[in-house]
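To keep things clear, I will list the structure first and then write my remarks on it.
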2 protein chains.
Amino acid sequence: MEKGAVEDLTELLKGTLEGCVLEIIGREETYGYAITRRLNELGFADVVEGTVYTILLRLERNGLVQVTKRPSEQGPPRKFYALNDAGRAELATFWAKWTYVKTRIDKLKEGGR
Amino acid sequence: MEKGAVEDLTELLKGTLEGCVLEIIGREETYGYAITRRLNELGFADVVEGTVYTILLRLERNGLVQVTKRPSEQGPPRKFYALNDAGRAELATFWAKWTYVKTRIDKLKEGGR
DNA sequence: TCCGGTACTCAGTGACACCGAGTACCACTA
DNA sequence: TAGTGGTACTCGGTGTCACTGAGTACCGGA
């Protein structure tokens, strides 16, 4: 990431990171470590395992995902996550909210009257 | 927007609301009550005075604004806020972060490989 | 005189990303 | 065989933010 302007996105990621994780899981069943790597690839360079696991635990606690434990070829067993119906509904809600907020903010940015 | 989907934007507004307030103040010197009305007009319907005042107090505490108290024609005196240099820098940083996050999220949304 | 609109303050709450230390499994190698 | 590094997850604690709610206060009109 180009250093300087875009360090510490913490506050801006509140709410959105969970949505991103939901979206990633929605694409295909996957696990925490891989999700972290995926987020890093996408440009969320500073997101670390600990952060993703807290989100995953919360999704599980809130009944939005179906969890399956499977052995890994290398390392400890993996917990695979897939969206259930509640999770898909939550994901749809997230995108609706995101679009809503994004359009308002951009309107304000473009001199919004 | 259809009601229902976009209620409780609280988490998504973390960080962005402060940026919006900064932007509004940057346009012209104004005061808390008016800023709240402006945000409501812009589509942030659920934002109330209390929320805006906490942001304003924080901006003041962090030395990002210059504050001038002036009597009002109707009601108690108003505290007018204007950006100082630090505030303008913070605003620029906010937009840089916002653009950065927005492009990453949208890329993910559009199937982002 | 009371109500409603204007205008600000402040202590407290809950949610979230983040941190750090810990556990543990595996493959490779010196 | 001990050590290192990559993989993989857990959990207690922290700080920041939007939000809540109760309070103070000024003003005009019914």
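None of the values given here were measured: they were computed from a predicted structure. Note on naming: letters A, B, ... go to the chains in the order of the sequence lines (proteins, then strands), and numbering restarts at 1 for each one.
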message: Judged by each residue's nearest nucleotide on DNA chain D, which is more toward the 5′ side, Glu11(A) or Ser72(A)?
response: Ser72(A)
- prompt: Does OP1 or OP2 of dT9(C) have a side-chain N or O of Lys79(B) closer than 4.0 Å?
  reply: yes
query: Is a donor-acceptor contact shorter than 3.5 angstrom present between the side chain of Lys14(A) and the base of dT16(D)?
result: yes
- prompt: Are Arg38(B) and Glu28(B) within salt-bridge range, i.e. N to O under 4.0 Å?
  reply: no
task: Please figure out whether Glu60(B) or Gly50(A) has its closest DNA chain C nucleotide nearer the 5' end.
output: Glu60(B)
- prompt: Would you say dT7(D) has OP1 or OP2 under 4.0 Å from some side-chain N or O of Tyr33(A)?
  reply: yes
message: Side-chain heavy atoms nearer than 4.5 Å, only ILVMFWY residues, links allowed to pass through others: does that put Leu57(B) and Leu39(B) together?
response: no
- prompt: About how many Å separate CZ of Arg78(A) and CD of Glu73(A), when rounded to the nearest 0.5 Å?
  reply: 5.0 Å
- prompt: Which part of the nucleic acid, if any, lies within contact of Ile55(A), taking any heavy atom under 4.0 Å across all strands shown: a base, the sugar-phosphate backbone alone, or nothing?
  reply: sugar-phosphate
Contact nearer the 5' end of DNA chain C, comparing Pro76(A) with Thr51(A): Thr51(A)
task: For the side chain of Thr54(A), starting at C-beta, report the closest nucleotide among dA7(C), dC18(C), dC9(D).
output: dC18(C)
query: Under 4.0 Å between a side-chain N or O of Arg58(B) and OP1 or OP2 of dA18(D)?
result: yes
- prompt: For the side chain of Val47(A), counting heavy atoms from C-beta on, which of dT9(C), dC18(C), dA8(D) is nearest?
  reply: dC18(C)
- prompt: How is Glu18(B) classified with respect to the nucleic acid when contacts are heavy atoms under 4.0 Å: base, sugar-phosphate, or nothing?
  reply: sugar-phosphate
Proximal nucleotide (of dT6(C), dC19(D), dT9(C)) relative to the Leu57(B) side chain: dT9(C)
field: Pair Glu41(A)-Arg37(A), salt bridge (charged side-chain N to carboxylate O under 4.0 Å, His left out): steps then yes or no
entry: CA-CA 6 Å; Glu41(A) 273 173 46; Arg37(A) 293 291 84 81; over 6 Å; no
- request: Find the distance Asp46(A):CG to dC19(C):P and express it as a whole number of Å.
  value: 8 Å
Exceeds 12 heavy-atom contacts within 6.0 angstrom, atom CG of Asn84(A): yes
query: Of the nucleotides dC8(C), dC18(C), dC19(D), which one has an atom closest to the side chain of Leu17(B)?
result: dC19(D)
